[in-house]
Protein chains: 2
Amino acid sequence: MRLSHLHFRSMCAVPLPHQRHSCCSRVHTGAVEDYLQAVFALTTEHGAATTSSLAELLGVAPPSVSAMLNRLAVDDLIARPAAHRVELTDHGRRHAVAVVRRHRLVEEFLLRALDVPWEDVHAEADALEHAVSARLLERIDTFLGHPTRDPHGDPIPPRHGHHDEGRPPPLSRARPGAQVLVERVSDRDSTALRHLGELGIRPGVVLDVVEQAPFGGPLWVELEGRRIPLGLQLTDLVFGGTA
Amino acid sequence: MRLSHLHFRSMCAVPLPHQRHSCCSRVHTGAVEDYLQAVFALTTEHGAATTSSLAELLGVAPPSVSAMLNRLAVDDLIARPAAHRVELTDHGRRHAVAVVRRHRLVEEFLLRALDVPWEDVHAEADALEHAVSARLLERIDTFLGHPTRDPHGDPIPPRHGHHDEGRPPPLSRARPGAQVLVERVSDRDSTALRHLGELGIRPGVVLDVVEQAPFGGPLWVELEGRRIPLGLQLTDLVFGGTA
DNA sequence: GCATCGCGTTAGCCTTGTCTCATAGTGGCA
DNA sequence: TGCCACTATGAGACAAGGCTAACGCGATGC
């Protein structure tokens with residue numbers, strides 16, 4: 001077989017990321033997508049992202065964030081309306097939401113199709129999300145029946161149109177006597193997630209808040225007859241409204 | 001929610017490739033895996049790989065290949081037993097076979113789980129294969145029931161133990177009168193693959209070789225009563241033994 | 001009013017992986 | 001024997017994405 005008979009460009013093991021959008025001159029690498037996702041997460045959670053919070057979230061040094069933010073600003077993906085403040089532009093938000101959609105659909109797919117444990121889907125999706133083509137993503141979406149929530153209860157942005165990331169308050173804000181419908185559980189800490197899963201605390205369950213122990217003590221909740229003490233590190237990861 | 005409560009290292013969108021093996025000091029990036037896979041393919045197909053054949057196959061310039069081969073040689077992944085000759089060491093072959101296993105399992109998964117068209121699975125798998133963890137790969141393998149062939153008929157290396165890549169001769173070598181059981185179809189050219197798929201020429205079918213037209217003309221084969229002319233660019237991509 | 005501390009940035013460097021351009025070896029053929 | 005074509009590599013550059021060390025600067029405390 002002569003090699004020259006083949007269309008090598010079409011087969012070569014391409015190191016380039018997928019071309020996602022025609023609107024951007026520069027191709028978005030995995031790192032760029034990670035930064036956009038992180039800015040999106042921090043701005044929706046805290047109203048704003050900062051260099052240091054991005055560095056901590058992404059596990060890189062602050063100067064690396066500075067350098068990347070400069071590049072993202074040149075590409076009109078982020079804006080810096082004030083010192084110590086990073087925001088997505090409309091353009092950047094569109095790209096970030098697309099990455100979030102990919103991440104959450106992949107998470108849901110891993111759980112439903114391959115039975116990957118609840119606490120592991122996030123890490124696997126973090127690696128896979130940059131390698132999933134638009135074509136493949138729509139197959140996944142169709143396979144799953146166009147889900148609206150990922151395994152942690154996070155809303156999956158629609159392919160087109162507005163996405164509302166709105167999140168109910170954390171369980172740590174709940175007062176004794178309240179009934180809380182768990183809507184979302186943060187996927188950031190896999191060991192905490194595993195623990196919550198073992199306790200049965202997942203999106204959709206209803207918790208009775210029984211008692212807040214004083215001096216930073218646990219929040220006691222009741223679930224299916226069991227009384228469970230939850231420390232602040234857990235109640236900060238669970239979000240829900242009154243049932 | 002205070003960020004410092006979380007285990008950031010466990011959640012950060014890791015740009016590093018998965019740590020595959022403890023045996024290597026250097027982590028294998030996607031590019032390294034692509035080169036190993038390419039050397040494996042060329043050595044099994046032609047007995048040896050060369051700088052230029054690797055460059056053509058991978059779609060990069062020859063000096064890029066030279067540089068990478070030096071690095072691979074330092075890591076004892078390849079050997080250069082003679083000029084114009086690149087071979088995998090035992091160590092390099094183990095790694096290459098692991099990459100091939102990942103690629104082919106992902107291909108089979110995409111076809112079976114998501115119904116990705118035959119001619120597209122290769123390109124999608126090329127992007128995904130570097131992002132699939134060992135843990136996820138074994139889930140995929142289990143889900144598929146430990147398949148031994150990918151959608152193109154290529155053998156899937158076992159997790160442990162010997163892998164034999166042996167390939168039957170191409171259809172271009174077949175003589176009129178022969179009955180050929182199609183075993184494998186090269187996945188390199190997606191348009192040719194699509195065409196072959198539309199003709200019904202897939203692993204498992206039996207072709208009657210009718211006539212070889214002279215002067216580089218087509219090979220006429222018969223499949224399910226249809227007489228089909230196949231040019232050299234197609235008959236070089238189909239492999240099988242006498243039925 | 002001044003020292004300090006936290007935050008962000010600049011400066012300078014490294015690795016990976018690519019490129020182009022120029023050079024060197026090597027084998028075939030007139 | 002000499003030339004040509006092919007193959008491989010060296011040299012140098014660049015972009016991406018990291019790092020550390022050092023500096024500037026604003027808020028805060030004394």
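Proteins get letters first, then strands, A, B, ... in listed order; numbering begins at 1 in each.
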message: The side chain of B:V32 is closest to which nucleotide in this list: C:dC7, C:dG17, D:dC19?
response: C:dG17

field: Nucleotide of C:dG8, D:dC19, C:dC19 approaching B:P63 most closely (side-chain heavy atoms)
entry: C:dC19

message: Any non-hydrogen side-chain atom of A:H195 less than 4.5 Å from a side-chain atom of A:T191?
response: no

- request: For A:F143, check ring-ring contact (aromatic ring centres under 6.0 Å, His included) against everything at least two apart and list the hits.
  value: A:F109

What is the distance from [atom1] of [X] to [atom2] of [N], rounded to the nearest Å?
X	N	atom1	atom2	result
B:L54	C:dT18	CG	P	12 Å
B:R71	C:dT15	CZ	C1'	8 Å
A:Y35	D:dG17	OH	P	9 Å
B:H84	D:dT9	NE2	C1'	11 Å
A:E56	C:dG8	CD	C1'	15 Å
A:D75	D:dA16	CG	P	9 Å
A:L69	D:dA16	CG	P	15 Å
A:R85	D:dG26	CZ	C1'	18 Å

Regarding [X], tell me which of base, sugar-phosphate or nothing describes its non-hydrogen contacts under 4.0 Å with the strands shown.
X	answer
B:S66	base
A:R80	sugar-phosphate
B:T51	sugar-phosphate
B:S52	sugar-phosphate

- prompt: Should B:R188 and B:E45 count as an ion pair when the cut-off is N to O under 4.0 Å?
  reply: yes

- line: Heavy atoms of A:L196 and A:W118 approach each other most closely as C-CZ3, 4.2 Å

message: So, applying side-chain contact (heavy atoms from CB on, under 4.5 Å) with A:T235, which one of A:S172, A:P218, A:P170 is it?
response: A:S172

